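All figures in this text were calculated on a predicted structure; none of them were measured in a lab. Side chains included, hydrogens not; waters and symmetry mates left out as well; all remaining heavy atoms used.
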Amino acid sequence: MGTERPVEGAPARRTGAGGFSAGRSVRPAVLALLGMLFSGMAAQAGAPPAAQPAPSAPSAPSAPSAQAVSSRVGILDARRPDAPRLVMAQPQPDGEPQHYLRLSPPMGKKPECCVQPGAAAQEASILQYRGEDAVPVDEREAQFQKAPDEGFVGLLLQKNAVATRTSAHRIVLRWPDRKARVRVDHCLSSEGMHVKIAESGAKGQWTPKAHYYLPLGSDVAADCPAS
């Protein structure tokens with residue numbers, strides 16, 4: 001037999017172990033790999049976008065806590081009806097008229113209308129106890145819509161207050177829109193008037209809220225109960 005000679009111009013082939021052609025086996029593997037790659041890309045392109053978690057809704061602002069009902073009570077010094085002074089436990093809108101209830105003399109049976117808060121007083125005469133000390137408070141000038149004939153000391157009240165006198169020294173106040181009540185104890189010491197304000201709580205308890213003192217500038221018949 002003659003020696004086989006390669007055909008001129010034909011590519012040389014190498015035969016690996018096992019006698020199969022390496023060139024023919026590698027090409028299909030590469031094509032298969034490319035096919036898998038393109039298939040994966042096409043599947044990813046056609047898939048719907050992943051759902052994004054919805055942003056959490058902003059929490060609703062919490063409603064401000066209701067102000068203590070005792071903040072609806074203040075002090076009115078109208079010993080001079082032409083120049084009354086008042087102290088408001090809770091500042092009110094400028095110019096809003098306030099009702100009042102006489103404490104002495106004589107005692108009023110129901111709230112009357114009205115007194116108008118004004119500018120801050122230059123010198124305060126109404127004091128409030130802070131612990132053992134009585135200190136000046138934010139006192140304001142005022143003006144009656146209709147000035148009374150005689151001077152008096154009384155309570156300053158927001159509108160719609162219902163007053164019930166339970167004794168010569170105690171008044172209980174309530175408002176139709178609130179369940180809590182306000183108790184006001186008032187009496188005279190040797191030189192001034194004390195006004196103590198408390199608010200009703202759970203189980204019939206009363207929580208002290210304020211203790212005002214109004215110097216009267218003269219000796220009076222004391223009627224405060226012994227503590």
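- Remark: Arg181 engages no residue in a salt bridge (charged side-chain N to carboxylate O under 4.0 Å, His left out) (not counting sequence neighbours).
- Of all non-hydrogen atoms in Pro81 and Phe144, the two that sit nearest each other are O-CD1, 3.4 Å.
- Residues Val73 and Tyr212 form no side-chain contact, since every pair of their non-hydrogen atoms from C-beta on lies 4.5 Å or further apart.
- With rounding to the nearest 0.5 Å, the separation of OH in Tyr129 from NZ in Lys196 is 9.0 Å.
- Atoms CZ and CD, from Arg178 and Gln67 in turn, are 8.5 Å apart once rounded to the nearest 0.5 Å.
- Residues Leu101 and Met88 do not share a hydrophobic cluster, defined by chaining ILVMFWY side chains whose heavy atoms lie under 4.5 Å apart.
- Here the side chains of Pro148 and Arg102 are in contact, with some heavy-atom distance below 4.5 Å.
- The line from CD1 of Ile197 to CD1 of Ile75 is 5.0 Å long, rounded to the nearest 0.5 Å.
- By the rule that hydrophobic residues join a cluster once side-chain heavy atoms approach within less than 4.5 Å of another member, Phe152 and Met107 end up as members of separate clusters.
- Ala180 approaches Glu199 most closely through the heavy-atom pair CB-OE2, 3.9 Å.
- Leu76 and Ile126 are members of different hydrophobic clusters when ILVMFWY side chains are connected at heavy-atom separations under 4.5 Å.
- Atom CZ in Arg170 sits 11.0 Å away from atom SG in Cys187 (nearest 0.5 Å).
- At least one side-chain heavy atom of Leu155 sits less than 4.5 Å from a side-chain heavy atom of Leu103.
- Rounding to the nearest 0.5 Å gives a distance of 12.0 Å between CZ of Arg140 and CG of Leu156.
- Pairing each heavy atom of Asp77 with each of Ser125, the nearest pair is OD2-OG, 3.9 Å.
- Taken together through direct or relayed side-chain contacts under 4.5 Å among Ile, Leu, Val, Met, Phe, Trp and Tyr, Ile171 and Val153 form part of one hydrophobic cluster.
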**Report entry** Test log, rule side chain to side chain contact (heavy atoms under 4.5 Å, CB included), inputs Arg85 and Glu141
**Finding:** CA-CA 5 Å; Arg85 300 288 188 90; Glu141 297 176 352; 4.2 Å; yes

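- Counting heavy-atom neighbours within 6.0 Å of Gln145 CD, excluding the residue itself, gives a total above 12.
- In plain terms, the two heavy atoms of Ala222 and Ser190 that are nearest each other are CB-N, 3.9 Å.
- Between Pro136 and Leu127 the shortest side-chain heavy-atom distance falls below 4.5 Å.
- The NZ atom of Lys159 lies 8.5 Å from the NE2 atom of His99; values are rounded to the nearest 0.5 Å.
- Put simply, the side chain of Val182 reaches to within 4.5 Å of the side chain of Ser70, judged on heavy atoms.
- Annotation: side chain of Val69 is not in contact with side chain of Leu173 (no heavy-atom distance under 4.5 Å).
- Smallest separation of non-hydrogen atoms from Ala161 and Leu157: CB-CD1, 4.1 Å.
- In this structure, Leu86 and Gln98 have side chains that are not in contact, with every pair of non-hydrogen atoms separated by 4.5 Å or more.
- Under the 4.5 Å side-chain heavy-atom criterion for Ile, Leu, Val, Met, Phe, Trp and Tyr, Met193 and Val220 are members of the same hydrophobic cluster.
- The shortest side-chain heavy-atom distance between Leu188 and Leu216 falls under the 4.5 Å cut-off.
- By the 6.0 Å contact criterion, CZ on Arg174 is open, its count of non-hydrogen atoms from other residues, nucleotides or ligands being 12 or less.
- Closest approach of Ser189 and Tyr213 over heavy atoms only: OG-CE1, 3.8 Å.
- If you run side-chain hydrogen bond (donor to acceptor under 3.5 Å, both in side chains) between His194 and each of His211, His186, His169, only His211 comes through.
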